[in-house]
Amino acid sequence: MNNFTIRVQEIVKKIPRGEVRSYKEVATEAGNPLAARAVANIMAKNYIPDIPCHRVIRSDGTLGGYNRGGEKAKKHLLAGEGIVI
DNA sequence: GCGCTGACTGTCA
DNA sequence: ATGACAGCCAGCG
């Protein structure tokens, strides 16, 4: 656990309801534009219930994945916030 | 400390 | 537009 991970948590936590951020965006704001993959890794392995990771999607607009029921559940959650892929 | 893995991304065929 | 490749990073065994 390094500073980068903390930053990522804070940033994702600050994503307003009804909006989404790409892994790349989060990584960039966290201080590491090249760590998009690491961000995804944090969600995948070190899932943090404090952050709405379902609002983090791929840069191309696809969901990418979700460790709380799969892309299906993720899409549903986003749909509930007014976001449709 | 090393190597593998993955919810990524951009580029090429 | 769709599929394959290579490059990057943090976490875990």
message = Can you list, in residue-number order, the parts of residues 78-85 of chain A that come under 4.0 Å of DNA chain C, counting heavy atoms only?
response = none

request  = Sorted by first residue and then second, give each salt bridge (charged side-chain N to carboxylate O under 4.0 Å, His left out) pair with at least one member in residues 71-85 of chain A; sequence neighbours left out.
outcome  =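 Matches after skipping sequence neighbours: A:Arg55-A:Glu81.
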
task = May I ask you to test the A:Pro52-A:Val12 pair for a side-chain heavy-atom distance under 4.5 Å?
result = yes

request  = For the residue pair A:Val84 and A:Leu78, establish whether any side-chain heavy-atom pair is separated by less than 4.5 Å.
outcome  = no

task = Using the test side-chain contact (heavy atoms from CB on, under 4.5 Å), find all partners of A:Ala38 that sit at least two apart in sequence or belong to another chain.
result = A:Phe4, A:Ala35

key: Side-chain hydrophobic cluster, 4.5 Å single linkage: members besides A:Leu34   =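 Reading the cluster by chain and number, A:Leu34 sits alone, since nothing else belongs.
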
key: Non-neighbouring partners of A:Glu10 that pass salt bridge (charged side-chain N to carboxylate O under 4.0 Å, His left out), sequence neighbours left out   = A:Lys13, A:Lys14

query = Taking only residues two or more places apart in sequence, or in another chain, which ones meet A:Arg7 in a salt bridge (charged side-chain N to carboxylate O under 4.0 Å, His left out)?
reply =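 For A:Arg7 there are no salt bridge (charged side-chain N to carboxylate O under 4.0 Å, His left out) partners, ignoring immediate neighbours.
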
message = Going 5' to 3' along DNA chain C, which are the first and last nucleotides with any atom under 4.0 Å from a heavy atom of chain A?
response =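 Answer, 5' to 3': C:dG7 to C:dC12.
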
task = With sequence neighbours excluded, give me every side-chain hydrogen bond (donor to acceptor under 3.5 Å, both in side chains) pair touching residues 30-49 of chain A.
result = none

Please tabulate, for the side chains in residues 56-68 of chain A, all donor-acceptor contacts under 3.5 angstrom to protein atoms that are two or more places apart in sequence or on a different chain.
{"from": "A:Arg58", "atom 1": "NE", "to": "A:Asp60", "atom 2": "OD1", "distance (Å)": "3.1"}
{"from": "A:Asp60", "atom 1": "OD1", "to": "A:Thr62", "atom 2": "OG1", "distance (Å)": "3.1"}
{"from": "A:Asn67", "atom 1": "ND2", "to": "A:Met43", "atom 2": "O", "distance (Å)": "3.1"}

key: Strand DNA chain C as a dot-bracket string - pairs counted if Watson-Crick or G-U with both distances under 3.5 Å, | where the partner lies in another strand   = .||||||.|||||

query = Who are the side chain to side chain donor-acceptor pair (under 3.5 Å) partners of A:Asn2, not counting sequence neighbours?
reply = A:Thr5

note = Protein heavy-atom contacts under 4.0 Å, written 5' to 3' over nucleotides 7-13 of chain B as B (base), S (sugar-phosphate only) or - (none), form the string BBBS---

